[in-house]
Amino acid sequence: MSYVHLKNVTKRFGDVVAVNNLTMEIEKGECFSMLGPSGCGKTTTLRMIAGFEDLDEGEIAVGERVFSSSAKRYYLPPEKRDFGMVFQAFAVWPHLNVFDNVAFPLQIRNLSRADIAERAKLALRHTGLDKYERSYPNELSSGQKQRIALARAIAINPTVMLLDEPLSNLDPKLREEMRFEIKDLQRKFGFTIIFVTHDQSEAMALSDRILVMRDGVVQQVDSPINIYTKPANRFIFSFIGLSNFLPVVFRNGSAFIEGAEDAGPIAGTIPADRGNDRMLLACRPSEIDLQKDGGVRALVKRKVYLGDIIDYRVMVGDTEVRVQKSRRSPSFSEGESCCLRFSQMHWYPHEDS
Ligand SMILES: Nc1ncnc2c1ncn2[C@@H]1O[C@H](COP(=O)(O)OP(=O)(O)OP(=O)(O)O)[C@@H](O)[C@H]1O
Ligand SMILES: [Mg+2]
């Protein structure tokens, strides 16, 4: 039984359909991410869940209770939803010290002073801010400020946390640390997280399930591993991780890179439904083997060291293929001949067929 439920939700801004007939179900205690390019409707969806936007169509329910319904023209106001929220541009109040920043949402909820102090202190302790209670935001680093926003959200004891790109202002190392902190906090408090990001590695690291969205329309809802290994369409394949899309032709039951039939056939299972005998072969740079012989013949054009990984651009006829190998695997030089073997292949219709 799902906990947060969006049913056929649509939101328009003038001619723009920001969210188009969106249905999603989130389990209690789940970390659910919404992932998609800029402008695809992530923040709008979160704002509707939070109660800051009404719906043109559809319904949002939490547990047994309807929170928003276009048909019933019913909207529970945001402050009654008791969600913890951290928004894209995290806002801390510069004139309040850390403690008061965290306590403020509790004060407007008319809790007793003792209750407020207890909850705020607990939230500060869990976010590692207890030492900074009396500091002002301008005395803190951006990571610490980000944590004020998290502490403030935790303090209200939310059942659901809505996080909109909460780590976007942090440097990469701090971002990674905060991912673990968010996950730890979730384990401690057991809240449900709806997390919005356009950073796929962040979504992969944090989520139980990921929803991929494009132009307001859901593309796939699945576990991180399935989104990566079984992308439902070409858009998802290219959006998640690095990708090659190679034009392929089929001749006598074999597949060849288009224009480079003399480089030899592609080994492995080829799709039964081959469109017009032309398709796109999608593969990740890390899922291609580079070897001395056996496979499609190619030439190394460029080789770049990326720390532990070597990034190759190899040419099969006029088609460039990106291959990434561990620094410890056999190495090839620029200008050297090599052979390619595709270990994981995904097939999509050719654009021009
Ligand atoms: N208040 C508004 N008025 C008019 N158009 C809006 C409004 N809010 C959002 N939109 C439009 O709705 C679409 C979805 O916007 P939204 O902010 O939900 O995208 P997003 O996925 O959060 O993008 P980003 O990753 O850049 O934050 C965009 O085309 C945007 O221009
Ligand atoms: Mg946004």
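Order of appearance sets the numbers: ligands from 1, and atoms from 1 within every ligand.
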### Query
Parallel, tilted or perpendicular: which fits the ring planes of Phe250 and Trp347, with parallel below 30° and perpendicular above 60°?
tilted
### Query
Taking the six-membered ring for Trp, are His126 and Phe189 parallel (under 30°), tilted (30 to 60°) or perpendicular (over 60°)?
perpendicular
Test of proximity, [X] against ligand 1: N or O pairs below 3.5 Å:
X	answer
Gly39	yes
Cys40	yes
Lys42	yes
Thr44	yes

### Query
Which ligand 1 atoms are under 4.0 Å away from a heavy-atom of His198?
25 (O)
### Query
Near Val16, which atoms of ligand 1 are under 4.0 Å from a heavy atom of that residue?
29 (O)
### Query
Rounded to the nearest 0.5 Å, how far apart are OH of Tyr136 and NE2 of His95?
9.5 Å
### Message
Any carboxylate oxygen within less than 4.0 angstrom of a Lys/Arg side-chain nitrogen, looking at Lys301 and Glu320?
### Response
yes
### Message
Does Lys80 have more than 12 heavy atoms from other residues, nucleotides or ligands lying within 6.0 Å of its NZ?
### Response
no
### Query
For ligand 1, does Thr43 get within less than 4.0 Å through its side chain, its backbone, both, or neither, judged by non-hydrogen atoms?
both
### Query
Is the NZ or CZ atom of Arg152 both under 6.0 Å from the centre of the six-membered ring of Phe104 and within 45° of that ring's axis?
no
### Query
Does ligand 1 have any atom sitting under 4.0 Å from a heavy atom of Gly41?
yes
### Query
Is the distance from the Mg ion (ligand 2) to some N, O or S atom of Thr43 under 2.8 Å?
yes
### Query
Is a donor on one side and an acceptor on the other found under 3.5 Å between the side chain of Asp311 and the backbone of Val304?
no
